[in-house]
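Reviewing the structure listed below.
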Amino acid sequence: MIAKKQDRIIAELNTLFPDAHCVLVHSNPLEMLVAVMLSAQTTDAAVNKVTPALFAAYPTAQDYADASLEDLEGYLKRLGLYRSKARSLKKMGQALVEHFDGEVPHTMKQLTTLPGVGRKTANVVLGECFGVPSVPVDTHVERISKRLGFAKRDDTVLDVERKLKRTLPRDSWMKLHHQFIFFGRYVCKAQNPKCKECHLVDLCKEPHKNL
DNA sequence: ATCCCGAGGG
DNA sequence: CCCTCTGGAT
């Protein structure tokens, strides 16, 4: 990626989404961890609807560990994948209590040992809660990165993460992560991208649509 | 019908 | 690598 192109992309994202930020409502690392886990295949708005009651009922890792699956499922009923998420939450609570004294760990290696927590979720928690420069690669970040030429078509998500980290300014990683997501959600959508109003079409590696 | 800030298992 | 889990919004 030519530096000039990258600067143009960053400038455009700053114009479109000057204050892109984390939309998941949370007030501590455990809540963030849970909210990100719940967001898989689900909109943030849907997650924010169930978390107030969930967080009130289960304020600590021990509470998740002790929870009954039926109760947990009740809180998550309106989310996609709610049964597997309920199972993961309980197991995650147990693992936190057993291995980390009930606290959310601060490293990628430790976080990804937790049931239901993969690299993407861990990166969000590290970046959002612990100030560790991170580039979480979700479906949006992966798609945008490939379309704009930050990565190749058949790169894995880990490849994409490495390439983004190699080229993007470290102090903007989390902001760009959020801006990629907003850009992917509202402009460079998976199915019907708004190529017509996109100022970056000339950089795109994919055939343009809706022109 | 299609998509949503994925992870785990086969 | 591919499949499954899953309801709600649009």
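Each chain gets a letter, A, B and so on, in the order the sequences are listed, and its residues count up from 1.
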May I ask you to say what [X] touches in the nucleic acid, namely base, sugar-phosphate or nothing, with a heavy-atom cut-off under 4.0 Å?
{"X": "K85(A)", "value": "nothing"}
{"X": "T139(A)", "value": "sugar-phosphate"}
{"X": "L79(A)", "value": "sugar-phosphate"}

Could you tell me the separation between the [atom1] atom of [X] and the [atom2] atom of [N], rounded to a whole number of Å?
{"X": "D138(A)", "N": "dG6(B)", "atom1": "CG", "atom2": "P", "value": "6 Å"}
{"X": "L38(A)", "N": "dG6(B)", "atom1": "CG", "atom2": "P", "value": "12 Å"}
{"X": "K90(A)", "N": "dA7(B)", "atom1": "NZ", "atom2": "C1'", "value": "20 Å"}
{"X": "R143(A)", "N": "dC5(B)", "atom1": "CZ", "atom2": "P", "value": "10 Å"}
{"X": "N48(A)", "N": "dG8(C)", "atom1": "CG", "atom2": "P", "value": "16 Å"}
{"X": "D44(A)", "N": "dA9(C)", "atom1": "CG", "atom2": "P", "value": "14 Å"}
{"X": "Q41(A)", "N": "dC5(B)", "atom1": "CD", "atom2": "P", "value": "9 Å"}
{"X": "F182(A)", "N": "dC4(B)", "atom1": "CZ", "atom2": "P", "value": "14 Å"}

### Query
Which residue lies toward the 5' end of DNA chain B, A122(A) or A190(A), if each is placed at its nearest nucleotide?
A190(A)
#### Entry: Pair R8(A) + D202(A): basic N to acidic O under 4.0 Å
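Looking at R8(A) and D202(A), the cut-off is met.
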### Query
Roughly how far apart, to the nearest Å, are dG10(B) and dT6(C) at atom P?
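It works out to 15 Å between them.
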### Whole-angstrom distance between dC5(B) and dC3(C), as gauged at atom P
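The answer is 23 Å between these two P atoms.
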### Task
Assess whether atom NZ of K146(A) is packed by more than 12 heavy atoms of other residues, nucleotides or ligands within 6.0 Å.
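Yes, NZ of K146(A) has more than 12 neighbouring heavy atoms, counting only those of other groups under 6.0 Å.
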Of the listed nucleotides [options], the one nearest the side chain of [X]:
{"X": "H177(A)", "options": "dT6(C), dC4(B), dC5(B)", "answer": "dC5(B)"}
{"X": "T43(A)", "options": "dC5(B), dA7(B), dG7(C)", "answer": "dC5(B)"}
{"X": "K120(A)", "options": "dC5(C), dC5(B), dC4(B)", "answer": "dC5(B)"}
{"X": "R78(A)", "options": "dC4(B), dC5(B), dG8(C)", "answer": "dG8(C)"}

### Check against side chain to side chain donor-acceptor pair (under 3.5 Å), Q179(A) and N14(A)
CA-CA 8 Å; Q179(A) 288 174 323; N14(A) 280 330; 2.9 Å; yes
### Message
For A65(A) versus G93(A), what's the shortest heavy-atom pair and its separation?
### Response
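Looks like CB-C, 3.7 Å.
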If only side-chain N and O atoms of [X] are considered, is one of them under 4.0 Å from the OP1 or OP2 phosphate oxygen of [N]?
{"X": "H140(A)", "N": "dC4(B)", "result": "yes"}
{"X": "T121(A)", "N": "dC5(B)", "result": "no"}
{"X": "R185(A)", "N": "dC5(B)", "result": "yes"}
{"X": "R83(A)", "N": "dC5(C)", "result": "no"}

### Message
Taking ring-ring contact (aromatic ring centres under 6.0 Å, His included) as the criterion, tell me which of W173(A), Y186(A), F150(A) meets it with F180(A).
### Response
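With F180(A) as partner, W173(A), Y186(A), F150(A) yield a single ring-ring contact (aromatic ring centres under 6.0 Å, His included), made by F150(A).
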## Note on the structure
Taking for K49(A) and for A40(A) the nucleotide of DNA chain C with the nearest heavy atom, the one nearer the 5' end belongs to A40(A)
Using atom names, set out every protein N or O paired with an N or O of nucleotides 8-10 of chain B below 3.5 Å, distance rounded to 0.1 Å.
from: dG8(B); atom 1: OP1; to: G116(A); atom 2: N; distance (Å): 2.7

### Query
Do K175(A) and H21(A) have side chains that get closer than 4.5 Å, going by heavy atoms?
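Contact flag for K175(A)/H21(A) side chains = no.
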### Task
For side-chain contact (heavy atoms from CB on, under 4.5 Å), just list the numbers for F182(A) and L16(A), CA-CA rounded to whole Å, side-chain angles, deciding distance to a tenth of an Å, and then say yes or no.
CA-CA 9 Å; F182(A) 276 75; L16(A) 290 175; over 6 Å; no
### Query
Taking the six-membered ring for Trp, is the centroid-to-centroid distance between Y58(A) and Y75(A) below 6.0 Å?
yes
